[in-house]
Amino acid sequence: MAEGCPKTEVLDSPFFIRTSPMEVETENITYLDPLEVSALLSSGGPAEKIFPGFEERAGQLDLLQYICTAFNEDKIGVFEAGTGVGKSFAYLIPAVLWAVQNKERAVISTGTINLQQQLFEKDIPAVRRLLGIDFKAALMKGRQNYLCLRRLHDSLAEADLFDEEKEVLQEISEWAKICDTGSISDLSFMPSSSVWQRVNSESDACLANRCPFFERCFVMKMRKTASDASILIVNHHLLFADISMRASGSGFSETAVLPPYKRLVLDEAHGIDAAATSFFSSSVSRFTFIKQLNKLYRVRKSAAGLLYNLQGISSCADCVQEAVAAIQLIRVRLGDMEDAASAFYAEVSSCRLCEATAARASDFISKALLLAQEVDSLCASVRNLIDGISEEEQAQQAVWETKLILRRLESAALVCKNFSEWEERRASVFWLEKHSLEKGEFYPVFYETPLDTAPLIYANLFEPVPTVICTSATLTAGGKKSGSPFSFWLGRSGARFADAERLMCASVDSPFDYKRNLLLNVAADMPLPNKECFQQFLEDMIVRLVRASSGRALVLFTSYESLLSACAHARRILPQEGIAVLKQGDDDRFRLLETFKNDTASVLFATDSYWEGVDVPGESLSHVIIVKLPFKVPSDPVFQARCEDLDSRGLSSFFDLSLPEAVIRFRQGFGRLIRHSSDRGAVSVLDKRLIAMPYGALFLNSLPECRRCFDCADEICSAVRRFTDG
């Protein structure tokens, strides 16, 4: 039993121990017995009898017992679990037992929808079989993943205006008649984003029980299932949507986006800061405005839109012409703002609004403010139009949809206004990013991003939820010898604000035999990455290394431009030797990875998201090539602002942010190779800073002990050939 628990009595079930009601004045809680629960996954236990090939894993038992204790003692459990530990079972079993026995819902949040699917379709049924307990689990995704039958109906009604999309809409309509979930992942084909955005569910566009399709609504079905479930499988984005709604006043006792819960597991918790940064950022572009304006007023064969629907039922019909004039002026203001923004960021892909750029930003800021003022004028005219509608007619769908559009326009205008107040809003980073269109044109996107998400995460997640389990294969930077290996993650996630006695941190090593099965190479004779000749050297070296492992390689880049050049070079050489060269962006991520898995003589060039979440066990992946240490690009606006903030407070932006962040990212890339106990292969690093710079030791110390070859290019290629052939 966990230390510090009240006096107990043993129940009939071997997995639980109950507090004596004589000892505790609060409601009775049935605690987990860590030793008895871990017996489920021990040699001779139920798992060995049920699952063929089962082997006891000491690390998994340790992790499971830690998690049981965290549940029992309302802890924030921060547990790093190396690849192969079996962390899914280690947290699912305690979560299910606790939820069922105490009638408290547990939420499992993952980094990706793919992992959600795996948990729900594979792991949950296995746990149900292992425990012999009947419990209900539900898979919840963000609304944008589900089909809205009303929006589909409306799109089909307008299909004659969108002939190129009509056939796809009809296919979706036929699928909707036989599909139970309405989830895009269950479609047999992948519609274009433009088509799906016309028919997917939107939170603020939902008519709820006023919708004619309410009884068949896929989102309502999903929510009904979730309300009855003991275990919810969600993703981080959906979790933060729920947190945001609760922070705005819903509290934790009622349903927000999710039903109420008291126990939370964050899998892939290393990405929680990035998920929070993404969710709590606001962005606007020309399409943010144009999409809403087109719903109000558009001209194709004739003038149409919601304004004309309202004109016939409003006593203030003259307001329509005012609104149309305002819409036309907004379109002009949009163009003016984009022209000024283009001059602001000039040739770079992104730029931050700060003291150094404020002078040349004045033009686009004034244009953004003018745009916001015109949006306010439009909204005032449309509200006057709505005010002229009788109370009986106010219930019409057109009125409700128009009010929704006004809220969206006002939110977008607020971001534009905030840009003019950037000096007073130091808790936010204001920045622009250049996006491209198919025809080679560019347009700016305006972002407002929190400078520090840690207080937000703590106040709305760690503080109000009694038990929070955080686990990942990469939560530490620098290895166990670094003194406080979890300090970086605790700081970025906000968990550091918790009382020390509530925090519980532990590392569980991978059971894989890295000493025997992994060779780490560093090219000692490569030029440093800041040298002009580096790109040419790495392109030649990649070809040699891929050839040495007969393909079967994943090449990870930190720059897409570098990837494009290196891939083009490889495609001039390797296909002639029977090695297929695949590139991120050539196909949908899932299909691309399937092609790579099925072709054992192929190489995949990738960046960004492919540093994590890629699971290719077996012969198809025997070689991971890391081109450069994954330091954030210094010009990244949000990263730049966070570095400046640290330096201004007397800290080191390099040692307190850049370096530990790169170490965790590096460990993620390294972890793509060994995914199963029988996997074997090499990781080759073409960035000699790993061995030439003092901070390289932090990267090396964070890795499991394995074979090493720090030598010249010729020796490394020979070593890779010998090791991957063996």
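Computed from heavy atoms alone, side chains included, the values below leave out hydrogens, waters and symmetry copies. All values derive from a computational prediction rather than experimental measurement. Positions are given from 1, in the same order as the sequence printed here.
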Chemist: For Y610 and F605, indicate whether the former's side chain and the latter's backbone hold a donor-acceptor pair under 3.5 Å.
Modeler: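 Not confirmed, Y610 side chain does not pair with F605 backbone.
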Chemist: For A274, is there any backbone N or O sitting under 3.5 Å from a side-chain donor or acceptor partner on S278?
Modeler: no
Chemist: In the structure I gave you, are the side-chain heavy atoms of Y297 and Y308 within less than 4.5 Å of one another anywhere?
Modeler: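 Yes, their side chains come closer than 4.5 Å.
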Chemist: Could you walk me through whether L621 and F596 satisfy the side chain to side chain contact (heavy atoms under 4.5 Å, CB included) test, starting with their C-alpha distance in whole Å, then the side-chain angles of each, then the deciding distance to 0.1 Å, before giving a yes or no?
Modeler: CA-CA 9 Å; L621 180 55; F596 179 58; 4.0 Å; yes
Chemist: For the atom pair CG (L239) and OG1 (T110), what is the distance rounded to the nearest 0.5 Å?
Modeler: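 So the gap between those two atoms works out to 10.0 Å.
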Chemist: Give a yes or no on this: more than 12 heavy atoms of other residues, nucleotides or ligands lie within 6.0 Å of atom CZ of F590.
Modeler: no
Chemist: Would you say S420's side chain and C416's backbone share a donor-acceptor pair under 3.5 angstrom?
Modeler: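 A pair under 3.5 Å: no.
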Chemist: What is the ring orientation for Y447 with H435, classed by angle as parallel under 30°, tilted 30 to 60°, or perpendicular over 60°?
Modeler: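 Judged by the thresholds at 30° and 60°, the geometry between Y447 and H435 is tilted.
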Chemist: Under a 4.5 Å cut-off applied to non-hydrogen side-chain atoms, are C567 and V581 in contact?
Modeler: yes
Chemist: Do you know the tightest heavy-atom contact between E393 and V399?
Modeler: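 Shortest heavy-atom contact: O-CG2, 3.8 Å.
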Chemist: Looking at every non-hydrogen atom in both residues, tell me the closest pair between F240 and F280 and how far apart they are.
Modeler: CD2-CE1, 3.8 Å
Chemist: Could you pull out all residues at least two apart from D387 that satisfy side chain to side chain contact (heavy atoms under 4.5 Å, CB included)?
Modeler: N384
Chemist: Could you check if a side-chain atom of L592 sits within less than 4.5 angstrom of a side-chain atom of R589, using non-hydrogen atoms only?
Modeler: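 With C-beta onward as the side chain, the pair stays apart.
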Chemist: Please assess F289 against L409 for the test side chain to side chain contact (heavy atoms under 4.5 Å, CB included), listing each intermediate value before the final yes or no.
Modeler: CA-CA 7 Å; F289 291 99; L409 286 171; 4.0 Å; yes
Chemist: To the nearest 0.5 Å, what is the distance between CD on Q394 and CD1 on I389?
Modeler: 5.5 Å
Chemist: Hey, is the main chain of M190 close enough, under 3.5 Å, to the side chain of W196 for a donor-acceptor pair?
Modeler: no
Chemist: Where the side chain of N460 meets the backbone of L456, is there a donor-acceptor pair that is under 3.5 Å apart?
Modeler: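 Yes: the side chain of N460 pairs with the backbone of L456.
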Chemist: State whether K417 and E448 are salt-bridged, where the test is any N-O pair (Lys NZ or Arg NE/NH1/NH2 against Asp/Glu carboxylate O) under 4.0 Å.
Modeler: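 No salt bridge links K417 with E448.
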Chemist: Any non-hydrogen side-chain atom of I172 less than 4.5 Å from a side-chain atom of V195?
Modeler: yes
Chemist: Answer whether the closest heavy-atom distance between the side chains of V614 and R675 falls below 4.5 Å.
Modeler: no
Chemist: Measure across N598 and S620 and return the closest heavy-atom pair with its distance rounded to 0.1 Å.
Modeler: N-OG, 4.5 Å
Chemist: Under 4.0 Å between a side-chain nitrogen and a carboxylate oxygen: does that hold for R591 and E594?
Modeler: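 Answer for the salt bridge query: no.
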Chemist: Answer whether the closest heavy-atom distance between the side chains of Q328 and V332 falls below 4.5 Å.
Modeler: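 Not touching, per the 4.5 Å side-chain cut-off.
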Chemist: Main chain of P259, side chain of R223: is a donor-acceptor contact present, judged purely on distance under 3.5 Å?
Modeler: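 No; zero donor-acceptor contacts below 3.5 Å.
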Chemist: Give a yes or no on whether the backbone of T449 and the side-chain of S281 come within a donor-acceptor separation of less than 3.5 Å.
Modeler: no
Chemist: Might you confirm whether atom CG of D318 has over 12 heavy atoms from other residues, nucleotides or ligands at distances under 6.0 Å?
Modeler: no
Chemist: Quick one: does E104's side chain have a donor or acceptor within less than 3.5 Å of a partner on W98's backbone?
Modeler: no
Chemist: Just wondering, are more than 12 heavy atoms of other shown residues or ligands nearer than 6.0 Å to NZ in K122?
Modeler: no
Chemist: Counting only heavy atoms not in K224, do more than 12 sit closer than 6.0 Å to its NZ atom?
Modeler: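 Atom NZ in K224 is not packed in, count stays at 12 or less.
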Chemist: Does the distance from a Lys or Arg side-chain N to an Asp or Glu carboxylate O, for K367 and D336, drop under 4.0 Å?
Modeler: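 The answer is no: the pair does not qualify as a salt bridge.
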Chemist: To the closest 0.5 Å, what do you measure between CG (L385) and OG (S315)?
Modeler: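 Reported to 0.5 Å precision, the distance equals 9.0 Å.
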Chemist: Would a distance-only check, ignoring hydrogens and angles, find a side-chain to backbone donor-acceptor pair under 3.5 Å from S602 to A580?
Modeler: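 Looks like no, no N/O pair under 3.5 Å.
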Chemist: When rounded to the nearest 0.5 angstrom, what distance separates CG in L406 from OG in S381?
Modeler: 10.5 Å
Chemist: Please determine whether a side-chain nitrogen of the Lys or Arg among E202 and R407 lies less than 4.0 Å from a carboxylate oxygen of the Asp or Glu.
Modeler: no
Chemist: For atom CG of D588, decide whether the heavy atoms of other residues, nucleotides or ligands shown that lie under 6.0 angstrom number more than 12.
Modeler: yes
Chemist: When you compare the side chain of L604 with that of L593, does any pair of heavy atoms fall below 4.5 Å?
Modeler: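 Of all side-chain heavy-atom pairs linking L604 with L593, at least one is under 4.5 Å.
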Chemist: Do F419 and L432 come close enough that some side-chain heavy atom pair is under 4.5 Å?
Modeler: yes
Chemist: What residues form a side chain to side chain contact (heavy atoms under 4.5 Å, CB included) with I290, not counting sequence neighbours?
Modeler: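 Once residues adjacent in sequence are excluded, the partners of I290 under the side chain to side chain contact (heavy atoms under 4.5 Å, CB included) criterion are R286, N294, R331, L334.
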Chemist: Show, in sequence, the C-alpha distance, side-chain angles and deciding distance for D154 and Q397, and conclude whether the side chain to side chain contact (heavy atoms under 4.5 Å, CB included) test is met.
Modeler: CA-CA 12 Å; D154 292 347; Q397 181 177 324; 4.1 Å; yes
Chemist: Distance from L152 atom CG to L169 atom CG, nearest 0.5 Å?
Modeler: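 Answer for the CG-CG pair, L152 versus L169, is 6.5 Å.
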Chemist: What is the distance from atom CZ of R263 to atom CD1 of I231, rounded to the nearest 0.5 Å?
Modeler: 12.0 Å
Chemist: Would the F344 and F364 ring centres measure less than 6.0 Å apart?
Modeler: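 Centroid separation for F344 and F364: below 6.0 Å.
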Chemist: Is it true that R665 and E612 have a side-chain N and a carboxylate O under 4.0 angstrom from each other?
Modeler: yes
Chemist: Please find the pair of heavy atoms, one from S109 and one from H236, that lie closest to each other, and give the distance.
Modeler: OG-ND1, 2.8 Å
Chemist: May I have the step-by-step check of side chain to side chain contact (heavy atoms under 4.5 Å, CB included) for S192 and V168, ending in yes or no?
Modeler: CA-CA 9 Å; S192 68; V168 178; over 6 Å; no
Chemist: If you take all heavy atoms of P464 and A459, which pair is closest and at what distance?
Modeler: CD-O, 3.4 Å
Chemist: Does R151 reach the main-chain N or O of N200 with its side chain, forming a donor-acceptor pair under 3.5 Å?
Modeler: yes
Chemist: What pairs with C316 under side chain to side chain contact (heavy atoms under 4.5 Å, CB included), at least two apart in sequence or on another chain?
Modeler: S314, C319
Chemist: Which label fits F213 and H153: parallel for a plane angle under 30°, tilted from 30 to 60°, or perpendicular past 60°?
Modeler: tilted
Chemist: Minimum heavy-atom separation for N235 to K141, with atom names?
Modeler: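 Shortest heavy-atom separation between N235 and K141 comes out as ND2-CA, 4.3 Å.
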